[in-house]
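Okay, structure first, notes after.
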Amino acid sequence: MAKKILFVNQEMTPYVPETELAVMGREVPGAIQERGLQIRAFMPKWGTINERRGQLHEVQRLSGMNVVIDDTDHPLLIKVASIPQIRLQVYFIDNEDYFSRRKMTENEAGEEYPDNGERAIFFARGVLETVKKLRWAPDVILCQGWMAAAIPIYVKTAYHEEPTFANTKVVTSLFEKQIKTDLGNKFKRCLEFRNANASLLEPYSEKFDFMELGKLAIDYSDGVIEAGQDVSPELIAYARSTNVPYLDHPEGDFTDPYLNFFNTIAPDAD
């Protein structure tokens, strides 16, 4: 049976402008799918995405649940579209307050949203709840972008006993710095869910910034990929110090290095 890879992307072209992260968000799942693996791809439904142009439509059977963050219910909407050139279907996590009327990390004045941490938590839990509803158990989850940084700890703690994720391996891709400010005083409290509890978060700074998010993702990952050209040397050093399997930035075509790395992390059953 073909290996199942779940791609959790912060950005993907053509839905957002081209950045290194957005291009890799599209190219990696597209290339892996061409090799015959089963994939699912998710990203946030940023308010800048034109739903008519992108031909997004809501998936009623997957929408409708509430995600509780900091004692507040937030309705989860799931939309889907496809990139016909590479025959890739993309699921979008949406919510009226967190995504529908807003840009990505910054508002029109160039200020980072004060609830970016909550948005990332909602996105992570929304992805995992939707994958459960799809009844599709991934062998590997590849997290690309800081918005996916909460996925590893949730998979390894809060969702570990869920049959969908019981045997899932998690890989974090490292890119250049994407947020400038920290996520405020509430992030740790909002992150707590089931047995992703306060005691697990004690080693981390009270104020999560990009570096602290990276450390959190690395600590709960089964592998790390240096995906970007300008990854922080400090973050690279931290990842290497954990002795987690590490893939150096691939030169040229990344497809075979990624596939080999996935097979190392999650070998096929005999």
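The analysis underlying the following values was restricted to heavy atoms, covering all of them including side chains, and did not include hydrogens, waters or symmetry mates. Remember, predicted model here, so these are calculated numbers, not experimental data.
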Who pairs with Asp94 by side-chain hydrogen bond (donor to acceptor under 3.5 Å, both in side chains), at least two apart in sequence or on another chain? Lys79, Ser100
Please assess Glu162 against Arg194 for the test salt bridge (Lys or Arg N to Asp or Glu O under 4.0 Å), listing each intermediate value before the final yes or no. CA-CA 12 Å; Glu162 300 275 2; Arg194 295 178 180 167; 3.1 Å; yes
Residues 216-226 vs salt bridge (Lys or Arg N to Asp or Glu O under 4.0 Å), sequence neighbours excluded, gives Lys156-Asp222
Applying side chain to side chain donor-acceptor pair (under 3.5 Å), which residue pairs with at least one partner in residues 14-30 are found, sequence neighbours left out? Glu11-Thr19
Going by side chain to side chain donor-acceptor pair (under 3.5 Å), name the pairs with one or both residues in residues 174-183, residues two or more places apart or in two chains. Glu106-Lys180, Glu112-Thr181
Contact list for residues 228-250, test ring-ring contact (aromatic ring centres under 6.0 Å, His included), sequence neighbours left out: none
Taking side-chain contact (heavy atoms from CB on, under 4.5 Å) as the test, write out the residues that go with Ala198, two or more places apart. Glu192
Would the number of heavy atoms belonging to other residues, nucleotides or ligands and lying under 6.0 Å from CD of Glu161 be above 12? no
So the salt bridge (Lys or Arg N to Asp or Glu O under 4.0 Å) pairs with at least one residue in residues 246-266 (sequence neighbours excluded) are Arg35-Asp256, Arg240-Asp248
Decide if atom NE2 of His57 counts as having more than 12 heavy atoms of other residues, nucleotides or ligands within a radius under 6.0 Å. yes
Quick one: side chains of residues 114-128, donor-acceptor pairs under 3.5 Å with protein atoms, not counting sequence neighbours, listed by atom name and distance.
unit_1 : atom_1 : unit_2 : atom_2 : d
Asp115 : OD1    : Arg102 : NH1    : 2.8
Asp115 : OD1    : Arg102 : NH2    : 3.4
Asp115 : OD2    : Arg102 : NH2    : 2.7
Asn116 : OD1    : Arg119 : NH1    : 2.8
Asn116 : ND2    : Thr105 : O      : 3.2
Asn116 : ND2    : Tyr113 : O      : 3.4
Glu118 : OE1    : Tyr98  : OH     : 2.8
Glu118 : OE2    : Lys186 : NZ     : 3.3
Arg119 : NE     : Tyr98  : O      : 2.7
Arg119 : NH1    : Met104 : O      : 2.5
Arg119 : NH2    : Tyr98  : O      : 3.0
Arg119 : NH2    : Lys103 : O      : 2.9
Arg119 : NH2    : Met104 : O      : 3.3
Arg125 : NH1    : Val68  : O      : 2.8

Within residues 16-52 or reaching into it, pairs that qualify as ring-ring contact (aromatic ring centres under 6.0 Å, His included) - sequence neighbours excluded: Phe42-Tyr91, Trp46-Phe99
Taking distance alone, no hydrogens or angles, what donor-acceptor pairs closer than 3.5 Å link side-chain atoms of residues 163-175 to residues at least two apart or in another chain?
unit_1 : atom_1 : unit_2 : atom_2 : d
Thr168 : OG1    : Pro138 : O      : 2.7
Thr172 : OG1    : Ser221 : OG     : 2.7

Which atom pairs, one a donor and one an acceptor, fall under 3.5 Å between side chains of residues 206-218 and the rest of the protein, sequence neighbours left out?
unit_1 : atom_1 : unit_2 : atom_2 : d
Glu206 : OE2    : Lys188 : NZ     : 3.1
Asp209 : OD1    : Met211 : N      : 3.3
Asp209 : OD1    : Glu212 : N      : 2.9
Glu212 : OE2    : Ser205 : N      : 2.8

Pairs meeting criterion salt bridge (Lys or Arg N to Asp or Glu O under 4.0 Å) with involvement of residues 53-67, two or more places apart: none
